[in-house]
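Everything below concerns the one structure shown next.
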Amino acid sequence: MKEVFVMAMQEQTPSGCRLGKEIPVGLMFTVILRFISFVWWAASVNELVTALERYASQSSAMVERVTRVETLVVSIESGWRISKGN
């Protein structure tokens, strides 16, 4: 009777490698791979944000220069209109 019970238990246990009692090795491998992929993706996003911040800081200087030129052009244009009498 005891042998029948042991044989029945062996038939019920699923085949495959397992880590501990409940966690399959394939699941652990998948979770670790996904975590590594996430860290890699986050690092690339951080690099892109840094590059965009650098570009934005360089662009702000250009925006200031363009604004000054536009102001100068407007003042020259209004002075030209006054002297012309329009």
Side-chain angles (χ1 to χ4, degrees):
M1 181 91 169
K2 193 174 193 180
E3 293 173 2
V4 172
F5 179 72
V6 170
M7 289 175 64
M9 289 299 290
Q10 288 175 349
E11 290 176 7
Q12 290 179 359
T13 57
S15 61
C17 298
R18 291 189 172 270
L19 186 65
K21 290 184 175 183
E22 301 294 324
I23 304 171
V25 173
L27 178 63
M28 288 300 294
F29 178 73
T30 303
V31 169
I32 290 171
L33 185 65
R34 296 286 286 183
F35 179 74
I36 291 170
S37 301
F38 173 75
V39 170
W40 191 339
W41 173 81
S44 67
V45 168
N46 185 33
E47 190 175 321
L48 288 172
V49 167
T50 303
L52 288 172
E53 286 175 344
R54 204 174 317 123
Y55 176 75
S57 68
Q58 291 171 353
S59 295
S60 67
M62 184 63 72
V63 168
E64 289 176 20
R65 291 179 67 191
V66 168
T67 304
R68 278 188 254 140
V69 169
E70 286 177 346
T71 305
L72 182 61
V73 167
V74 167
S75 67
I76 291 172
E77 186 179 75
S78 66
W80 184 67
R81 285 183 184 165
I82 290 173
S83 67
K84 194 173 182 183
N86 290 339

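Values below: every heavy atom of this structure, side chains too, minus hydrogens, waters and symmetry copies.
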Taking [Y] as the starting point, is it possible to reach [X] by hopping between hydrophobic residues whose side chains are less than 4.5 Å apart?
{"X": "Val49", "Y": "Trp41", "result": "yes"}
{"X": "Phe29", "Y": "Trp40", "result": "no"}
{"X": "Leu33", "Y": "Val39", "result": "no"}

query: Roughly how far, to the nearest 0.5 Å, is the CD1 atom of Ile76 from the CG atom of Leu72?
result: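 The CG atom of Leu72 sits 4.0 Å away from the CD1 atom of Ile76.
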
message: Once rounded to the nearest 0.5 Å, what's the spacing between atom CG of Leu52 and atom OG of Ser57?
response: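 Those atoms lie 11.0 Å apart.
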
What pairs of donor and acceptor atoms, side-chain ones from residues 64-71 against any protein atom, are under 3.5 angstrom apart with sequence neighbours left out?
| residue | atom | partner | partner atom | Å |
| --- | --- | --- | --- | --- |
| Thr67 | OG1 | Val63 | O | 2.8 |
| Thr71 | OG1 | Thr67 | O | 2.8 |

